[in-house]
Amino acid sequence: RWNQWRVEDLLDDDRLTAINRLGLAGCGLAGGDLKAIEQRAFRALDLRTNALGARGVQYALASAHTLVELELSNAGIGDPGAAAIADTALPKLERLWLRLNRLTYRSLARFAKLPSLRVLDLAQNQLGPAAIEALGKAPLPALRELDLSGCTVTDDMVRAFAASPLIKQLAWLDLGHNALGAAAAKALASAELPALRFLDLSSTKVGDEVAQVKAAHPHARIAARSR
């Protein structure tokens with residue numbers, strides 16, 4: 001737990017001058033508390049479960065050219081914080097966690113400067129049709145793993161996403177904990193998914209229809225524990 005120490009006190013410690021991975025998850029930090037990290041170049045930052053807002057994201061992005069992993073789940077960044085990420089060139093970023101941040105299409109439509117991004121976690125954001133459409137068209141050439149669990153995704157949204165360019169390159173896709181049914185299963189069974197190795201349909205309303213998905217994509221493992 002964070003106590004009387006400040007972030008600048010931590011980074012001023014001579015024993016920590018060489019660190020390039022910093023974990024401050026659940027430390028009760030606000031955005032302004034991160035100003036000290038502007039002075040260092042980090043490869044990995046874990047800042048989840050803090051109240052950072054867009055201001056905290058801006059401080060984290062001071063390491064834009066060195067960041068490989070950025071964990072901002074449940075950090076209160078909202079669309080302004082996600083937009084700051086989208087508008088920043090992050091040439092080395094491979095893993096980005098943004099779950100539980102109340103994101104919408106307003107920020108997701110702008111994701112265009114993440115050429116190395118392989119893993120994107122958007123779980124438990126209340127995404128709507130516009131967000132899924134924007135995501136399906138986003139220029140993310142390296143993306144292989146996408147988590148959309150608990151994002152209020154519907155059958156119609158899966159139908160649209162199944163026809164998008166992005167889904168064809170995914171090896172791992174989590175659609176669990178959404179109100180999906182037979183129509184979503186049919187769309188996924190009909191989709192072209194040459195790279196798929198794992199698909200999670202757990203805690204959805206997909207029932208026997210999962211057999212169609214499994215038959216269509218025998219190279220992939222399909223998890224489907226229905227509600």
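The first residue of the sequence shown is numbered 1, and numbering continues consecutively from there.
- When the salt bridge (charged side-chain N to carboxylate O under 4.0 Å, His left out) test is applied to K168, the partners found at least two apart in sequence or on another chain are E192.
- Using a 4.0 Å cut-off between a side-chain N of Lys or Arg and a carboxylate O of Asp or Glu, K113 and D87 do not qualify as a salt bridge.
- By the 4.5 Å heavy-atom criterion applied to side chains, D121 and L98 are not counted as neighbours.
- Looking only at side-chain heavy atoms (C-beta outward), L24 and D33 stay at 4.5 Å or farther from each other.
- Between L90 and L61, the closest side-chain pair of non-hydrogen atoms falls below 4.5 Å.
- Between T204 and L175 there is no side-chain heavy-atom pair separated by less than 4.5 Å.
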side-chain contact (heavy atoms from CB on, under 4.5 Å) assessment of R118 paired with E145: CA-CA 6 Å; R118 297 182 58 83; E145 299 184 15; over 6 Å; no
V57/I85 under side-chain contact (heavy atoms from CB on, under 4.5 Å): CA gap, chis, key distance, verdict: CA-CA 8 Å; V57 173; I85 296 170; 3.8 Å; yes
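- There is a side-chain donor-acceptor pair under 3.5 Å between D147 and S149.
- Partners of A138 under the side-chain contact (heavy atoms from CB on, under 4.5 Å) rule, at least two apart in sequence or in another chain, are L140.
- Side chains of L146 and D174 form no contact here, defined as non-hydrogen atoms less than 4.5 Å apart.
- Here the CD1-OG distance, from I77 to S107, works out to 7.5 Å after rounding to the nearest 0.5 Å.
- Listed here is the closest heavy atom pair of F161 and S164: O-OG, 2.7 Å.
- A distance of 10.5 Å separates CE in M157 from CD in E133, rounded to the nearest 0.5 Å.
- Interatomic distance, CG of L67 versus NZ of K92, reported as 10.5 Å (0.5 Å rounding).
- Residue R144 holds its CZ atom at 10.5 Å from CG of L117, rounded to the nearest 0.5 Å.
- Clustering ILVMFWY residues whenever any of their side-chain heavy atoms sit less than 4.5 angstrom apart, transitively, puts I19 in the very cluster that holds L70.
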Criterion side-chain contact (heavy atoms from CB on, under 4.5 Å) on L122 and L108, from CA distance to verdict: CA-CA 10 Å; L122 296 173; L108 296 184; 4.1 Å; yes
side-chain contact (heavy atoms from CB on, under 4.5 Å) evaluation trace for V158 with L188: CA-CA 8 Å; V158 169; L188 291 167; 3.9 Å; yes
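- Between T66 and N20 there is no side-chain heavy-atom pair separated by less than 4.5 Å.
- Among all heavy-atom pairs drawn from A162 and A187, the shortest one is CB-O, 3.8 Å.
- For the pair L193/L170, no side-chain contact is recorded, criterion being any heavy-atom separation below 4.5 Å from C-beta on.
- In this structure, N178 contributes its side chain and V153 its backbone to a donor-acceptor pair below 3.5 Å.
- A single hydrophobic cluster is not seen to contain both L135 and L100; linkage of ILVMFWY side chains at heavy-atom distances under 4.5 Å, directly or through other members, places them apart.
- With sequence neighbours excluded, the residues forming a ring-ring contact (aromatic ring centres under 6.0 Å, His included) with W172 are F198, listed by chain and number.
- Within the 3.5 Å criterion, the main-chain N or O of H177 finds no donor-acceptor partner in the side chain of S203.
- Residues A75 and L47 share a closest heavy-atom pair of CB-O, 4.1 Å.
- Annotation: salt bridge (charged side-chain N to carboxylate O under 4.0 Å, His left out) contacts of D79 (sequence neighbours excluded): none.
- For D200 (side chain) and S202 (main-chain N/O), a donor-acceptor pair under 3.5 Å exists by modelled atom type.
- Applying the salt bridge (charged side-chain N to carboxylate O under 4.0 Å, His left out) criterion to D46, with sequence neighbours excluded, gives R48.
- The nearest pair of heavy atoms linking L52 to L29 is CD2-O, 3.9 Å.
- Put simply, NZ on K186 and CD on Q212 are 8.0 Å apart, with the number rounded to the nearest 0.5 Å.
- A 4.5 Å side-chain heavy-atom check between T104 and L127 finds every atom pair outside the cut-off.
- The backbone N or O of L72 lies less than 3.5 Å from a partner atom in the side chain of N101, making a donor-acceptor pair.
- Not counting sequence neighbours, the partners of R95 by the side-chain contact (heavy atoms from CB on, under 4.5 Å) test are V68, E69, W97, V119.
- A pairwise comparison of heavy atoms in A89 and A64 identifies O-CB, 3.6 Å as the closest pair.
- Here the straight-line distance linking atom CG of L180 with atom CD of E209 works out to 11.0 Å at 0.5 Å rounding.
- Nearest heavy atom pair, residue A84 against residue Q58, reads CB-NE2, 3.6 Å.
- No chain of hydrophobic side-chain contacts below 4.5 Å, direct or via other Ile, Leu, Val, Met, Phe, Trp or Tyr residues, connects L148 to Y105.
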